Amino acid sequence: MYQKFDVVIVGSGGAGLMAAMQLPNASVAVLTKVYPTRSHTGAAQGGVAAALGNQEEDHWKWHMYDTVKGGDYLVDQPAAEILTREAIDAVYELEHRGLPFNRTDDGRIDQRRFGGHTRNFGEGPVRRSCYAADRTGHMILQTMYQNAIKNEVRFFNEFLVLDLLINDGQACGVVALEIKTGEIHTFHAKTILFATGGYGRAWRVTSNAFACMGDGMSIAYRRGIPLQDMEMYQFHPTGIYKVGVLLSEAARGEGAKLLNGKGEYFMERYMPVLKDLAPRDIVSRCIVQEIKDGNGIDGKDYVYLDVRHLGAKKIAEKLPDITDFARNYLGVEPITEPVPIQPTAHYAMGGIPTDVDARVVIDSQWTPMPGFYAAGEVACVSVHGANRLGTNSLVDLIVFGRRAGKHMAKFIQETDFVPLPASHEEYSREYIDHLYSSTGGESAAHIRSELQNEMIENVFVERHDKGMRHALDQIAGLQEAYKNVQLQDKGKRFNTELVEAVELGFLLDCAEATIHGALARTESRGAHFRLDYQKRDDANWLKHTLAYRGTKAHDVRLDYKDVILIDDPIFKPKERKY
Amino acid sequence: MLRISSGRGPRPVAGGFETFSWYYFRISGALLLVLVIVHLLIMHISNDVSCTTYAFVAMRYSNVFWRVFDWLLLTVGLTHGMNGLRVVIDDYVRAPGARMWLLSISAVLLVVFFMLGTLTLITFPTVPGATGPLCIPK
Amino acid sequence: MYKGQSGMWSWLLHRITGLGILLFLFIHIVDVSMLGFGPEVYNQSVTLFDYWIVRLLSLALVGAVLYHAFNGIRIMAIDFWRKGSRYQRVMFWIVLAATIIVFIPMAYVIMVPAFHWLTQAPHTTAGR
Amino acid sequence: MNVLIRIKRYDPERDAKPYWDEFRVEADPIDRLLDALNTIKWTMDGTLTFRRSCAHGVCGSDAMRINGRNRLACKVLMRDVGNKVTIEPMLGYAVIKDLVVDMDRFFDKYRSIKPFLITYDNEPGTERLQSPAQRERYDEGTKCILCGACTGSCPSIWGNPDWVGPASIVNAHRFIFDSRDQGAAERLQLLSHKDGVWRCRTIFNCADACPRGIPVTDLIEQVKRAVVYGGPEEA
Ligand SMILES: Cc1cc2nc3c(=O)[nH]c(=O)nc-3n(C[C@H](O)[C@H](O)[C@H](O)COP(=O)(O)OP(=O)(O)OC[C@H]3O[C@@H](n4cnc5c(N)ncnc54)[C@H](O)[C@@H]3O)c2cc1C
Ligand code: HEM
Ligand code: SF4
Ligand code: F3S
Ligand code: FES
């Protein structure tokens, strides 16, 4: 089927819906492979950072400083300025649209501490994270969906986008599979926004939903658009042991502490000022270090998160969901017992490169592709650099989602539809037909689990050349195997086996780009920590990686572009200490 | 000082038939509670059913109070119960045609039984002395 | 079958008893209207109540009315008392208990005459 | 532990009518039932179809009937189901395939109660003020993840699919009792109609089914009172 809209938004998480809210007068279609309220944004617990100063003095510039420093100076500083300045207004907009923030006694939005957020350029923790209990992301998603209903946005639920259509260098549509019927649809549009989220499912232990398969990144990558800084992948320190389900940093924001096998609150040793509230890359590394030093619980590969001293009342009031998870998935009662945790794959700092208006840029010269936008976790504006601060992702969604929406509103006024390229559905149809007809005997589930194991072995918190080469060889093999994936379910109707197989293809692409970026970057920076190059190397590596897809896993082409700094001594790259 | 939003817009227009029906269940239910219990006590406890003969009725109905009492029981019970039947029909009969029919039939039933009961109560003669046995002979 | 909780069974019972009582009410209105045909006809119809099977039915009626009435109070408590829904389950057990407690003496009083005849030699036109 | 999993399956493309399928799965007691379903799908029968996304009870994808009651497969642990578990699609929705049901109507009903903040005042430059107590007043309803477990557990909806259902009322409550909202009257008006709140007969299956622990019936009762009293009562 063929349909035509001014704007097609792929993804109904925070970023996609925030953009949709800016387009009340355009014909907008939102395509999403899950029902909108099931998007992964709903899992975010902790909060959304903005220097409102409701609890104590705060300034956006302090926030910007923390963002830049937290990102280990791989952040494009003008973008960070926009992020932190506009965060304030964006949070008020959310409140006006109904978001039920927790409140201070005088009725303002309540704020709490979060990792890496400091007052006065690093002096000590500051209350900056605006929150709604421990389900801020859920509330953002609900509020935005509610407003989309108010604005009568057209949703295409359970549509899996397969391909981006480009004609003459300009994006002009997408092809999607309607999961319920198995039909292929073409959506012709003046502008397209990708807001498809991350790819945490590439690792075995992850906080991410099953749906986080890197779809958007891979689709762009297959169409010749580079992926930026994919080696920068965040591992959150406190995932529930084995399951990976996240125990939000909000717990530590409220005072929870990490405890090792010797009964020691070890973060005090590593980071005397911020302690447990140091940025995530650092805390994750400290945990891995403790485990390597034999300080894991019973010598095993996990440590404890301890909330007991907070008291039953505070735990119930401020951290209800988290307590629930611990009880449910571990059978642990956090009020009386410490909770077993380990680092878990969490967030892609990298993604489709964009400028500050969320326009996708396709080379190191910042050349935009007209009509194509990306926002949210799928995009890399680069405000998170080498490591994202907690609560900065939701800010990213609302600030750059909003900018994307506003810019698209302008763009559709000024431009006309570009015709669709010839035989535009061919690629998608062939892809799907191949999966249906293949008799190669390979199982997608098996390939996926091999990939996830390999990534957690060799492309995790600590990396080194040998391991990553091994991983790359493995992935090359898995990509070959992928060509022979065979389905048991040959039906058209709601074929989730087909969907999973398509998604696996996306995931393999993202893993490939991640490893290439990581192998080449011979330094340690933020979340990218190499045992064989333990120091940061600004002279050679203060630059963004751009990975272009080749024909095989081994022949990815890398290019680089400079990090944009602003002329202010405060933001000059220096060693990162907390 | 707290600034809170200035008001809640217009107040809802009271009512709607369904709201009334819901309320009526409760009000009539409370009334029935009294009426039915008294009724049960008299008919089944302080007398045996075999003793509710014509004469017995005549004795009771010489007092207007009992006629009004029974008429209330009839009216409230019937409307409460028929309203319940209506709700049940609404719940389970999905085909609009069949539903219309059933609802109409129950409306007719309501009227017929209400008339029948009321007529019985009004037309019953006020006979001073008892006619016939007070209990069925054993 | 959906494994509903007590509220589902209480509702189902309430519905069934309500409809049952309504059915009885129809019959009752008809038999009372026999009054209009004079004492003979009416007294003849009353003898019907004396069959022990009819006595059993009227027993069921009493049980139904009791349950429906008590549960009606429970429903109203849930509706109008703010803590009602928190205590609904307890109230359901109270309703059942109250129904049984009140039912037993009433059943006794109602059935005694029937049992009486059952144990004696038959000498009435009604009985059995 | 070794668990026998019975699943009610139906693919309208292939099957004339629903049938029962059985699988034996080796599972850890603290595995989620969802993990067992994935094990089946990934290693035994790729055609088994169900929805899932977050895997930890916050997205609302995998509501289904587990041992007779609506639950999220990702919140039920194997140790709680014993050696045998029966899984069926939720009642009250049309089955698309196996455990996947059609949620479109459910979301249409949700949309029908105006689930968004309605205000007539000008927006202030900063946030609207709201005291912690006023915020607390509508907290329960904000937990809803629109999984549909409550609505599918309600006998009223099995009989009458037009009924707006508990989930919509919970979400209406979330706005009716929000001190910032000014649309209470409009929503109460909508809900006082035939397929509004009155179809709720206080059955409580919904509250039992809700994976978020929302006291669904209590919220519905508050809305009923708001209709009869002509507006929301204070806390
Ligand atoms: C457990 C957890 C807790 C977190 N807590 C916080 C926090 O406290 N603060 C914070 O700032 N950040 C937090 N994050 C990070 C943050 O939630 C995410 O980065 C963010 O929500 C991503 O939003 P998004 O809009 O980019 O994408 P998502 O919310 O992931 O949405 C992706 C959308 O794209 C759609 N989609 C994907 N692929 C396709 C396709 N092929 N076709 C059609 N549609 C598609 C999906 O259906 C979905 O609607 C947390 C993350 C996790 C996992
Ligand atoms: C004795 C006192 C009675 C009380 C306290 C009472 C109370 C109630 C209440 C509160 C309801 C509403 C239930 C709801 O909305 O969920 C109801 C329903 C009903 N009542 Fe009664 N009632 C009584 C007597 C009767 C009698 C005598 C009859 C029969 C004539 C009757 C028949 C019904 C029926 C058919 C329903 C509908 C059931 C349903 O919708 O599920 N009730 N009752
Ligand atoms: S109220 Fe509970 S059961 Fe109902 S949709 Fe919301 S979360 Fe699900
Ligand atoms: S189960 Fe149904 S009847 Fe009401 S209390 Fe819940 S909505
Ligand atoms: S998978 Fe998200 S709620 Fe179960």
Side-chain angles (χ1 to χ4, degrees), chain B residues 22-23 25-30 32-34 36-37 39-41 43-46 48-58 61 70 73-74 77-78 80-85 87-88 91 106 109 112-121 123-125 127 130-133 135-138, chain C residues 14-16 18-26 28-50 54-55 58-59 61-62 65-66 68-73 75-76 79-80 102 105-107 109-110 112-114 116-117 120 123-127:
Chain B
W22 181 85
Y23 230 137
F25 265 128
R26 275 115 194 110
I27 293 171
S28 57
L32 281 170
L33 206 59
V34 180
V36 168
I37 287 183
H39 182 77
L40 277 183
L41 284 178
M43 295 302 164
H44 293 271
I45 304 301
S46 62
D48 187 66
V49 278
S50 60
C51 296
T52 53
T53 57
Y54 193 87
F56 173 81
V57 175
Y61 282 180
D70 280 6
L73 186 59
L74 166 80
L78 202 56
H80 175 106
M82 288 307 276
N83 195 23
L85 184 63
V87 167
V88 175
D91 269 1
S106 22
L109 277 181
V112 167
F113 280 97
F114 174 71
M115 298 295 270
L116 184 60
T118 308
L119 276 176
T120 313
L121 277 167
T123 55
F124 190 80
V127 272
T131 349
C135 275
I136 304 289
K138 311 222 152 143
Chain C
H14 193 84
R15 183 156 273 199
I16 293 166
L19 293 175
I21 307 168
L22 182 64
L23 187 67
F24 166 80
L25 185 62
F26 288 156
H28 197 42
I29 290 173
V30 171
D31 78 61
V32 172
S33 70
M34 296 298 149
L35 282 171
F37 297 93
E40 288 73 30
V41 181
Y42 183 75
N43 283 350
Q44 192 56 41
S45 77
V46 169
T47 57
L48 202 72
F49 286 103
D50 216 6
V54 179
R55 276 183 189 270
S58 64
L59 207 63
L61 171 75
V62 170
V65 169
L66 288 176
H68 190 94
F70 290 138
N71 195 52
I73 299 173
I75 293 172
M76 289 188 249
D79 289 335
F80 295 110
V102 180
M106 286 186 79
V109 174
I110 293 169
V112 149
H116 186 70
W117 295 332
Q120 313 269 305
H123 58 89
T124 61
T125 48

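Predicted model, so just to flag it, every value in this text is computed and none were measured. Numbered from 1 within each chain, the chains take letters A, B, ... in sequence-line order.
- Residue Leu25(C) comes nearest to Gly77(B) through the heavy atom pair CD2-C, 3.8 Å, listed as atom of the first residue, atom of the second, then distance.
- Of the atoms belonging to Ile75(C), it is side-chain heavy atoms, and not backbone ones, that fall under 4.5 Å from chain B.
- Of the listed residues (Asp79(C), Val30(C), Val109(C), Leu19(C)), the one with the most heavy-atom contacts under 4.5 Å to chain B is Asp79(C).
- To the nearest 0.5 Å, atom CG of residue Leu66(C) and atom CG of residue Leu40(B) are 7.0 Å apart.
- Residue with the most contacts toward chain B among Gly38(C), Pro105(C), Gly18(C), Ser45(C): Gly38(C) (heavy-atom pairs, distance under 4.5 Å).
- Using a 4.5 Å cut-off between heavy atoms, Leu33(B) contacts chain C through its side chain alone, with no backbone atom that close.
- Chain C forms more heavy-atom pairs under 4.5 Å with one residue of Val88(B), Val36(B), Leu85(B) than with any other, namely Val88(B).
- Looking at Leu35(C), both its backbone and its side chain come within 4.5 Å of chain B, counting heavy atoms on both sides.
- When heavy atoms are compared at a cutoff of 4.5 Å, Leu78(B) approaches chain C by way of both its backbone and its side chain.
- Of the atoms belonging to Val65(C), it is side-chain heavy atoms, and not backbone ones, that fall under 4.5 Å from chain B.
- Interatomic distance, CG of Leu74(B) versus NE2 of His28(C), reported as 9.5 Å (0.5 Å rounding).
- Tyr42(C) meets the side chain to side chain donor-acceptor pair (under 3.5 Å) test with no other residue; sequence neighbours excluded.
- In this structure, chain B has no heavy atom under 4.5 Å from any part of Ile21(C).
- Interface remark: Phe80(C) contributes side-chain atoms only to the contact with chain B (heavy atom separation under 4.5 Å).
- Atoms OH and CD, from Tyr54(B) and Glu40(C) in turn, are 9.0 Å apart once rounded to the nearest 0.5 Å.
- A search for side chain to side chain donor-acceptor pair (under 3.5 Å) contacts involving Asn71(C) returns His14(C), Arg74(C), not counting sequence neighbours.
- Going from atom CD1 of Ile27(B) over to atom CE of Met76(C) covers 10.0 Å, rounded to the nearest 0.5 Å.
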